[in-house]
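A quick write-up on the structure given underneath.
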Amino acid sequence: MNHASGQQTGNLPDINQRNADWYIDKIVQYLVFLSGISAIILIVGIFIFVTIEGFGFLLEDFSFREFFLSPWWEPTDDDEPTYGILALMAGTASVTGLAMLVAIPFSLGSAIYVAEFATGKTRETLKVLIELLAAIPSVVWGFIGLSIMNPLIIDLFDVPVGLNILNAGVILGLMAAPIMTSICEDALKAVPDRYREAAEALGGTRWQVIYKTVLPAAKNGLLGGVLLGVGRGFGETMAVLMATGHAINMPSSVFDSVRALTATIAAELGETAVGSPHYQALFTIGIFLFTITFIINLTADLIVRGIRKS
Amino acid sequence: MVSTAEDMASVQQHRDSAVKLEVRDVAIRYGSTTAISGINLDVRKNEIFGIIGPANAGKTSFLKALNRMNDFDNAMSVDGEILFEGTNISDVRNVYALRNRIGVVFPLPVGLPLTIYENVAFVPRLRGIRDKAELDVIVERCLTRSALWDEVKDRLDSLGSLLSGGQQQRLTIARALSQEPELLMLDEFSIAVDPVTTMRIEDVLKELKPEMSIILVTNLVQQARRLADRTAFFLDGECVEIGDTEALFTGQVEDSRTTDYIEGRFG
């Protein structure tokens with residue numbers, strides 16, 4: 001390959017010859033491209049898989065009325081199996097709702113403290129701790145629900161069972177709060193300091209400046225953070241499975257045990273015959289969950305993007 | 001803090017005297033760097049006090065110290081005494097009330113992310129005015145005085161940040177006027193404003209003079225000459241001299257650097 005004359009150092013490449021560098025470059029380009037689009041491939045793949053697995057049920061046993069409006073989830077009934085997810089939806093919704101009641105004030109408060117009041121070391125330490133809190137595995141939270149919250153609720157409220165909406169809602173709220181805090185804090189930090197200075201120069205107290213200027217300016221990001229928290233609550237499985245009591249029930253108070261959509265799939269899928277109506281019905285729940293979380297996350301993302309632009 | 005009868009008497013004396021603001025041996029430091037030091041000056045009632053000087057002379061830092069905007073900037077420390085109506089501002093018990101009485105206009109207009117109406121109604125609302133009719137009157141009066149009313153009266157509900165640069169600056173002046181300030185500080189207000197608007201704002205300032213003290217920091221020496229009764233020349237963190245504007249501009253100076261700057265030989 002050396003076409004160079006005597007004085008020339010190194011190999012001059014032939015313009016018509018593809019060498020190792022050329023091939024390495026091509027290979028790297030394809031590898032990076034594959035990693036880049038893997039997220040899309042995976043999402044679409046999962047969606048197709050879940051849909052195919054649940055398709056038989058959708059075609060044969062599925063009844064819109066029964067599925068969404070019946071509270072009876074009795075897929076193993078020998079005579080007449082029913083596949084109603086109303087109670088499961090009520091379980092998921094009530095737990096997520098209570099979780100948001102816990103998480104929103106908590107995360108907004110800590111985001112405001114970290115972004116607006118804390119300085120120097122306090123701020124850095126808090127930020128690291130909040131990230132750390134977000135990384136606690138959900139099974140650990142579930143364990144706390146089972147072994148700490150459960151007896152606590154029985155003692156405090158004098159109820160027979162401590163595994164209920166209250167327990168799961170609080171656990172889920174504490175779980176979702178760190179990630180919500182992180183995003184809300186980013187949104188507050190994105191508000192330019194000149195707004196704060198201007199409002200301070202007008203004689204606003206720190207709370208007036210935050211309440212009247214910073215929060216309105218950051219509202220899109222804050223809303224995005226809250227929605228991501230909702231998405232997290234909706235999709236959470238393990239902690240909810242452990243803390244709700246996992247009993248099919250149309251709840252009438254926070255002390256009722258319930259069962260969540262996600263937990264139902266996790267608990268039952270391993271015990272069904274592949275391809276049976278029960279198996280396929282669980283996948284139909286999967287399609288439903290997938291659609292809902294997709295919509296929530298997409299909305300949150302669009303809202304957060306909205307602030308970045310403006 | 002005003003506690004004894006003697007103090008009360010001295011405060012009363014200051015109310016009657018012609019001096020609004022006294023600055024004694026003020027030095028401002030950022031960490032170990034001194035931004036400005038040895039500043040002694042008085043701002044009288046109903047005068048426009050000009051401050052001129054090249055960039056980095058410490059003019060903006062000085063203004064920040066006057067309404068204690070340094071409180072939230074940990075790096076910035078202020079030594080010396082600043083007396084507002086005879087009270088040392090580092091002793092005032094309600095810094096928000098102090099800032100409320102001092103209006104500030106920044107170099108680049110900062111329209112709060114609110115509507116035009118709410119920008120001007122911000123301070124009246126902070127002061128507890130809820131009545132819509134009363135707010136309407138204040139908003140119209142302030143916008144009229146800042147020569148903006150005619151241009152925005154039909155779109156008071158649109159965002160203040162959508163106005164042009166010159167209009168936004170007049171909006172911030174309207175906002176400062178809504179404070180009914182006793183002291184109005186303008187920091188190079190014309191930096192982002194076209195010449196026509198600049199002249200209109202200058203006319204507004206002349207009209208305001210009978211009601212308040214105005215500190216005008218400016219890069220344009222001719223603007224100081226047009227407006228200021230007295231002018232201070234800041235250079236490299238010190239106050240070179242203070243004098244009647246007309247005297248300084250006609251060469252009656254104590255320090256030749258002042259004339260050099262005014263005539264554009266440096267800076």
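Values reported hereafter were calculated over all heavy atoms of this structure, with side chains retained and with hydrogens, waters and symmetry mates removed. Nothing here was measured: the structure is a model prediction, and the numbers come from that model. Residue numbering restarts at 1 for every chain, and letters A, B, ... go by the order of the sequence lines.
- Within a 6.0 Å radius of CZ in A/F290, other residues, nucleotides and ligands contribute more than 12 heavy atoms.
- Using a 4.5 Å cut-off between heavy atoms, B/L114 touches chain A through its side chain atoms alone.
- When all heavy atoms are compared, the tightest approach of B/F106 to A/A198 is CE1-CA, 3.7 Å.
- Residue A/F143 qualifies as open at atom CZ: its count of foreign heavy atoms under 6.0 Å is 12 or below.
- Counting heavy-atom pairs closer than 4.5 Å to chain B, the top residue among A/R206, A/Q208, A/K212 is A/R206.
- Counting non-hydrogen atoms of other residues, nucleotides and ligands closer than 6.0 Å to CG of A/L289 gives a total above 12.
- Remark: B/N56 CG is loosely packed, at most 12 non-hydrogen atoms of other residues, nucleotides or ligands lying under 6.0 Å away.
- Chosen from B/R175, B/E118, B/M185, the residue pairing most often with chain A at heavy-atom distances under 4.5 Å is B/R175.
- Contact of the A/E197 side chain with the B/V110 side chain is not registered, since no non-hydrogen atoms from C-beta on lie closer than 4.5 Å.
- In the displayed structure, A/F294 atom CZ is contacted under 6.0 Å by at most 12 heavy atoms of other residues, nucleotides or ligands.
- Among B/R68, B/R125, B/M69, the residue with the largest count of heavy-atom pairs under 4.5 Å with chain A is B/M69.
- No more than 12 heavy atoms of other residues, nucleotides or ligands lie within 6.0 Å of OH in A/Y211, so this atom counts as exposed by the packing criterion.
- Residues B/P113 and A/T213 share a closest heavy-atom pair of CD-CG2, 3.9 Å.
- When all heavy atoms are compared, the tightest approach of B/Y96 to A/G204 is CD2-O, 3.4 Å.
- Among B/L112, B/V104, B/L98, B/I102, the residue with the largest count of heavy-atom pairs under 4.5 Å with chain A is B/L112.
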